[in-house]
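Starting from 1, each residue takes its place in the sequence as its number.
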Amino acid sequence: MSTVADVIVVGGGISGLTTALVLAERGLRVRVWSRDPAPDTTSAVAGALWWPYRIEPEAQVGAWSLTSLRVYEGMAADPARTGVRMAAGVHGGERLAALGPWARSLEGATEVAEGLSVTLPLIDMPVHLRRLEELLAEAGGTVERRTVRSFAEAAAEAPVVVNCTGLGSRELVPDPGVRPVRGQLVVVENPGVDAWFVQADPASSTTTYFFPQPGGLVLGGTAEVDDPRTEADPRTAEEIVARCARVRPEIAGARVIGHRVGLRPARDAGVRIEAEELPDGGLLVHNYGHGGAGVTVAWGCARAAAQLVR
């Protein structure tokens, strides 16, 4: 049975759940409508290391990212429950001077021969998404399985609708500037790697990274623009393992235990956080287009979107 709501958030990934939680904690009656359960969303596929990656506009991303960083640092006090832990690793080839002003807030970041050594939040996404749903329920919010074909459906049941549909915004808004960026990962039995590593070129369709997670060592990756394939490509998987093994040779012999593919919701004009009036007088707030950094900016964008809700 439907319940009365002040706000309906459409989309149950990381952006939708954090936005819903911020609103519910402010005393609003919030319902989340999501086509997929959280473990089946794009967010659940993420690696997921905090870092502003493949996301615009640069002028705002730093502040959004740092807001999220502080939240994750607090959650890292209870990693078994939240899925968030602080983990040391190296960003290959990075130098502080080449990063934005936000990088000055990275405590303990040190330049080494390989790049930038730093401790950052590393998130076990299935555990984290489950915790967000628990926190939302504690704040009085609900999550409902529902496929939305137009925002008018939600506007008929609440005066405010928040669009956190990610790639779905291409059709729902509609916004043709929203494009899929395909990411493929390989999960292997961890051969003893306890530090993460990333080497990424934003202009390239391939990246090299490995993240030690509770369920195995997550290897990546790809960033293939306008590639909508959701099945794993065997040749791509082999190339991912080979790239990671050039950094840590023991990875070459690790047993493969899984493959993941997700479509990052990029937007040509960058993240859209904006409100518009609906024909019936309701309010539609947009929060989408986070590209490859949805986890990194989730809390900053959620708070920015919540400021537009009246």
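- Closest non-hydrogen pair, Cys164 versus Val9, comes out as SG-CG1, 4.0 Å.
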- Under the side chain to side chain contact (heavy atoms under 4.5 Å, CB included) rule, what do Phe151 and Leu172 come out as? Steps first, then yes or no, please. CA-CA 7 Å; Phe151 294 121; Leu172 274 172; 3.8 Å; yes
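- The aromatic rings of Tyr209 and Phe211 lie parallel to each other, their planes meeting at an angle below 30°, with 60° marking the opposite boundary.
- Contact check for Val188 versus Phe210: no side-chain heavy atoms found under the 4.5 Å cut-off.
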- Message: Apply side chain to side chain contact (heavy atoms under 4.5 Å, CB included) to residues Ile273 and Gln60 and explain how you reach the verdict.
- Response: CA-CA 11 Å; Ile273 299 180; Gln60 294 166 281; over 6 Å; no
Do any side-chain atoms of residues 17-29 form donor-acceptor pairs under 3.5 angstrom with protein atoms, and if so which ones, sequence neighbours left out?
{"unit_1": "Thr18", "atom_1": "OG1", "unit_2": "Ile14", "atom_2": "O", "d": "2.7"}
{"unit_1": "Thr18", "atom_1": "OG1", "unit_2": "Ser15", "atom_2": "O", "d": "3.2"}
{"unit_1": "Thr19", "atom_1": "OG1", "unit_2": "Ser15", "atom_2": "O", "d": "2.7"}
{"unit_1": "Thr19", "atom_1": "OG1", "unit_2": "Asn287", "atom_2": "ND2", "d": "3.1"}
{"unit_1": "Arg29", "atom_1": "NE", "unit_2": "Asp6", "atom_2": "OD1", "d": "3.4"}
{"unit_1": "Arg29", "atom_1": "NE", "unit_2": "Asp6", "atom_2": "OD2", "d": "3.1"}
{"unit_1": "Arg29", "atom_1": "NH2", "unit_2": "Asp6", "atom_2": "OD1", "d": "2.8"}

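- For the pair Val256 and His259, the tightest heavy-atom approach, listed with the atom from each and the gap, is CG1-NE2, 3.7 Å.
- Side chain of Arg243 to main chain of Gly221: a donor-acceptor pair is present (N/O by atom type, distance under 3.5 Å, no hydrogens or angles).
- Between Glu250 and Pro191, the shortest heavy-atom distance links the atoms CG-CG, 3.7 Å.
- Cluster annotation: Val10 is not connected to Leu129 through the hydrophobic network of ILVMFWY side chains, with a link wherever side-chain heavy atoms come within less than 4.5 Å.
- Glu58 CD: 12 or fewer foreign heavy atoms inside a 6.0 Å radius.
- At least one donor-acceptor pair under 3.5 Å links the side chain of Gln184 to the backbone N or O of Asp233.
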- Is there a ring-ring contact (aromatic ring centres under 6.0 Å, His included) between Trp102 and Trp51 once you walk through the steps? CA-CA 11 Å; Trp102 56 269; Trp51 191 261; 5.1 Å; yes
- Stepwise salt bridge (charged side-chain N to carboxylate O under 4.0 Å, His left out) check, Glu238 with Arg235: CA-CA 5 Å; Glu238 291 175 0; Arg235 181 173 179 178; over 6 Å; no
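- Using a distance-only test at 3.5 Å, with no hydrogens or angles considered, a donor-acceptor pair links the side chain of Tyr72 to the main chain of Val295.
- Distance check, rounded to the nearest 0.5 Å: CG of Leu120 to CH2 of Trp50 gives 6.5 Å.
- Val161 and Tyr288 fall within the same hydrophobic cluster, defined by Ile, Leu, Val, Met, Phe, Trp and Tyr side-chain heavy atoms under 4.5 Å apart, directly or through other members.
- Annotation: side chain of Val198 is not in contact with side chain of Tyr53 (no heavy-atom distance under 4.5 Å).
- Between Ala76 and Arg85 the shortest heavy-atom distance is CB-CA, 4.0 Å.
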- Task: Carefully, step by step, assess Leu185 and Ile240 under the rule side chain to side chain contact (heavy atoms under 4.5 Å, CB included).
- Result: CA-CA 8 Å; Leu185 311 177; Ile240 289 171; 6.0 Å; no
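- In this structure, the separation between OG1 on Thr165 and CZ on Arg170 is 12.5 Å, given to the nearest 0.5 Å.
- With values rounded to the nearest 0.5 angstrom, Glu107 atom CD is found 10.0 Å from Thr119 atom OG1.
- Counting only distance, with no hydrogens or angles, the side chain of Arg95 and the backbone of Gly115 share a donor-acceptor pair below 3.5 Å.
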- Given Arg131 and Met75, is the side chain to side chain contact (heavy atoms under 4.5 Å, CB included) satisfied, shown in steps? CA-CA 10 Å; Arg131 181 57 181 156; Met75 288 185 166; 5.8 Å; no
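- By the rule that hydrophobic residues join a cluster once side-chain heavy atoms approach within less than 4.5 Å of another member, Val261 and Val218 end up as members of separate clusters.
- By the 4.5 Å heavy-atom criterion applied to side chains, Pro126 and Gln213 are not counted as neighbours.
- Counting only distance, with no hydrogens or angles, the side chain of Ser65 and the backbone of Pro52 share no donor-acceptor pair below 3.5 Å.
- When each of Val71, Val84, Leu49 is tested with Pro121 by the rule side chain to side chain contact (heavy atoms under 4.5 Å, CB included), just one qualifies, namely Val84.
- Side-chain atoms of Leu217 and Pro212, non-hydrogen and from C-beta on, do get closer than 4.5 Å to each other.
- One finds the CZ atom of Arg104 at 10.5 Å from the CG atom of Leu66 (value rounded to the nearest 0.5 Å).
- The backbone N or O of Gly300 sits less than 3.5 Å from a side-chain atom of Ser68, completing a donor-acceptor pair.
- A 4.5 Å side-chain heavy-atom check between Val118 and Glu94 finds every atom pair outside the cut-off.
- In this structure, the side chain of His128 engages the main chain of Thr82 through a donor-acceptor pair within 3.5 Å.
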Donor-acceptor contacts under 3.5 Å from residues 224-232 side chains, at least two apart:
{"unit_1": "Glu224", "atom_1": "OE1", "unit_2": "Arg182", "atom_2": "NH1", "d": "2.7"}
{"unit_1": "Glu224", "atom_1": "OE1", "unit_2": "Thr222", "atom_2": "OG1", "d": "3.2"}
{"unit_1": "Asp226", "atom_1": "OD1", "unit_2": "Arg179", "atom_2": "NE", "d": "3.1"}
{"unit_1": "Asp226", "atom_1": "OD2", "unit_2": "Arg179", "atom_2": "NE", "d": "3.3"}
{"unit_1": "Asp226", "atom_1": "OD2", "unit_2": "Arg179", "atom_2": "NH2", "d": "2.6"}
{"unit_1": "Asp227", "atom_1": "OD1", "unit_2": "Arg229", "atom_2": "N", "d": "3.1"}
{"unit_1": "Asp227", "atom_1": "OD1", "unit_2": "Arg229", "atom_2": "NE", "d": "3.0"}
{"unit_1": "Asp227", "atom_1": "OD2", "unit_2": "Arg229", "atom_2": "NE", "d": "3.1"}
{"unit_1": "Asp227", "atom_1": "OD2", "unit_2": "Arg229", "atom_2": "NH2", "d": "2.8"}

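- Linking Ile, Leu, Val, Met, Phe, Trp and Tyr residues whenever their side-chain heavy atoms come within less than 4.5 Å leaves Val162 and Leu167 in two separate clusters.
- Residues Thr296 and Ile55 are not in side-chain contact: their nearest non-hydrogen atoms beyond the backbone lie 4.5 Å or more apart.
- Checked by atom type and distance alone, the side chain of Arg35 never pairs as donor or acceptor with a backbone atom of Arg146 at under 3.5 Å.
- Here CG of Leu219 is found 10.0 Å from OG1 of Thr208. Values are rounded to the nearest 0.5 Å.
- Under a hydrophobic clustering in which Ile, Leu, Val, Met, Phe, Trp and Tyr are joined whenever their side-chain heavy atoms come within less than 4.5 Å, directly or via other members, Leu122 and Val45 fall into the same cluster.
- Using a 4.5 Å cut-off on side-chain heavy atoms (C-beta onward), His286 and Asp175 make no contact.
- With hydrogens and angles disregarded, a donor-acceptor distance shorter than 3.5 Å links the side chain of Glu111 to the backbone of Leu96.
- Side-chain atoms of Glu274 do not come within 3.5 Å of backbone N or O of Leu284 as any donor-acceptor pair.
- The line from CD of Gln199 to NE2 of His91 is 10.5 Å long, rounded to the nearest 0.5 Å.
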- Task: Run the numbers on Arg70 and Glu73 for salt bridge (charged side-chain N to carboxylate O under 4.0 Å, His left out), then give the verdict.
- Result: CA-CA 5 Å; Arg70 302 311 173 208; Glu73 287 173 338; 3.1 Å; yes
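- Two residues are said to be in side-chain contact when any heavy atoms from C-beta on lie closer than 4.5 Å; Arg145 and Ser34 meet this criterion.
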